[in-house]
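For reference, the structure is listed below as structure tokens.
Just so it is clear: chains get the letters A, B, ... in the order the sequence lines come, proteins before strands, and each one is counted from 1. Computation of the quantities below employed the complete heavy-atom set of this structure, encompassing side-chain atoms and omitting hydrogens, waters and symmetry-equivalent molecules.
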Amino acid sequence: MELKGKNINFKYGFSKKWILKDLNISLKSGEIKGLIGDSGSGKSTLSKILSGYMEEKKFKGDITIDGLKPLKSGFNPVQLIFQHPEQTMNPKWKMKDILYESWDVTEDLIEEFGIQKSWLNRWPNELSGGELQRFAVLRALSPNTQFLIADEMTTMLDAVTQVQIWDLTIKITKQRNMGMLIVSHDKDLIDTICDDIVYLNDINNV
Amino acid sequence: MNKPVDTPKKKFHTSPLKLNLRTKTILIIVLTASMLVAIVINSLFIDVSTITTNFSSINLPPSFEHLFGTDWMGRDMFTRTLKGLGLSIMIGALASIISTVVAVILGLSSGMNKYLDSFVSWLVDLFSSIPHLLLIILISISLGGGVIGVIVGVGVSHWTTLTRVIRAEIKQINTSEYVHLSKNFGKSKWWIAKKHILPLILTQVVLGVILVFPHAIMHEASVTFLGFGLSPHEPAIGIILSESMKYLATGVWWLAFFPGVSLLIIVLLFDLVGDNLQKILDPTNAHE
């Protein structure tokens, strides 16, 4: 499978400055691609466009999966993981509801991600950022997910947790032959993990 | 000096009963709520025969036998007031429930799409541009007056503020990342409305019911006072007050004073419950 973004153009409202201009990007199954760019270069915007978070009328260009437009309803095969997990969780939901909203997560995966059973009965504001991010990553790893976009996924976390989460995520993506786009400021991280690195400034024609 | 250095210092001000703010708030809510419930239940069990006319004891000032005095037909005002308050609270309850149901339905549908949203805000503007009392009187008369007229009248005129609050709340929730994420997980709009939005606006809804209550009671009383509401044989507070106006000039002050004060106290009690409930139900610490 191949996730493709063709001639993507984006700017804010009536602003004259284009954030993304005639940008082309593609991600194949089994490929781990790194995306690097300066602050404000449109990394997060691009992630949102690729994963269907941006309304179609707000940007120009085509997003296709194997040449087809992604469906508007149903599980989106492109899943985005955000930098701040606490914003992606309903404060009135218990962690187990949050986790199982996406798919029936298996017990051994919960264990592998270092999620303790007692956490499942807590509210989001009772867990730390690292603990929450494990949930956020795990629920994005549904069997229906074909492409994973990690937007500064571990930037908030300490080094040990970072390694843990990356190891697991990469293991699972390789197992399931998923494509992964890693957006980060951390060049060392991207150099270590990714097969291919894309510099947003180079592919962006602004 | 051999004095122990580490004498425990009293760091916080504690009340003599050692209650923290939370227990105190809950206590206030429970007390006031049970008082209101007691009034309603009590009024249901009042035998109407105790407030029939008794010309041997007309226009008696307040005494231990007749706490609120008696009227020009010798009826005990305390019993009549209690009965009236019970009626007022029940009408208020029904009216505020109607208001809240309308507000929730309109609020939720305004979150569905743009056209419904502008329709709802147009409706809110329309209804809030007409004075409440006028609207209640019009609806009440067109429905033939009586209890139903008043309930429907108050019910369909008090949803505007709550609808506004809910609409704003839903707009905010709809732009949150967890709603976007839920859509990306393939959940339908109704599923999101039910599971994500409803629990988050539930606080507003519960508070809405309770804070509309005093308004509903006041408006019921004033419409009835003006003669457009309940029929004169019902012992409603509005009826009692409007009847007593005729006798006020002759010095029978207790006929208007006690029922009026009781109504005021009931309204304040509801406000008290609402305000304290708001403190407890604040979404950021709802589960502490």
- Would you say B:Thr203 and A:Lys92 make side-chain contact, with heavy atoms under 4.5 Å? yes

- If you take all heavy atoms of B:Glu177 and A:His84, which pair is closest and at what distance? OE1-O, 4.4 Å

- Message: Between B:Val179, B:Leu181, B:Ile173, who has the most heavy-atom pairs with chain A when the cutoff is under 4.5 Å?
- Response: B:Leu181

- Query: Considering residues, nucleotides and ligands other than B:Leu268, do more than 12 of their heavy atoms fall under 6.0 Å from its CG?
  - Reply: yes

- Task: Could you tell me which portion of B:Lys187 (side chain, backbone, both or neither) has an atom closer than 4.5 angstrom to a non-hydrogen atom of chain A?
- Result: side chain

- If every non-hydrogen atom of B:Asn184 is compared with every non-hydrogen atom of A:Val78, which pair is closest and at what distance? ND2-O, 3.9 Å

- Which atoms of A:Ile98 come close to chain B, meaning under 4.5 Å heavy atom to heavy atom: side chain ones, backbone ones, both, or neither? neither

- Heavy atoms of other groups near A:Gln175 CD, more than 12 under 6.0 Å: yes

- Would the number of heavy atoms belonging to other residues, nucleotides or ligands and lying under 6.0 Å from NZ of A:Lys11 be above 12? yes

- Identify the two heavy atoms, one from B:Trp191 and one from A:Glu101, that lie closest to each other, and give their separation to 0.1 Å. CZ3-OE2, 3.5 Å

- Taking A:Asn76, A:Asn90, A:Thr88 one by one, which has the highest count of heavy-atom pairs under 4.5 Å against chain B? A:Asn90

- Query: Does atom CG of A:Asp104 have more than 12 heavy-atom neighbours, drawn from other residues, nucleotides or ligands, at distances under 6.0 Å?
  - Reply: no

- Message: Is A:Trp93 in contact with chain B via its backbone, its side chain, both, or neither, using a 4.5 Å heavy-atom distance?
- Response: side chain

- Residue pair A:Gln79 / B:Phe185: nearest heavy atoms and the distance that separates them: OE1-CE2, 3.3 Å

- Item | Toward chain A, the part of B:Ser188 with a non-hydrogen atom under 4.5 Å | neither

- Query: In terms of heavy-atom contacts, does NZ of A:Lys33 have more than 12 from other residues, nucleotides or ligands at under 6.0 Å?
  - Reply: yes

- Assign the ring pair B:His180 / A:Tyr53 to parallel, tilted or perpendicular, where the plane angle (0 to 90°) is split at 30° and 60°. tilted

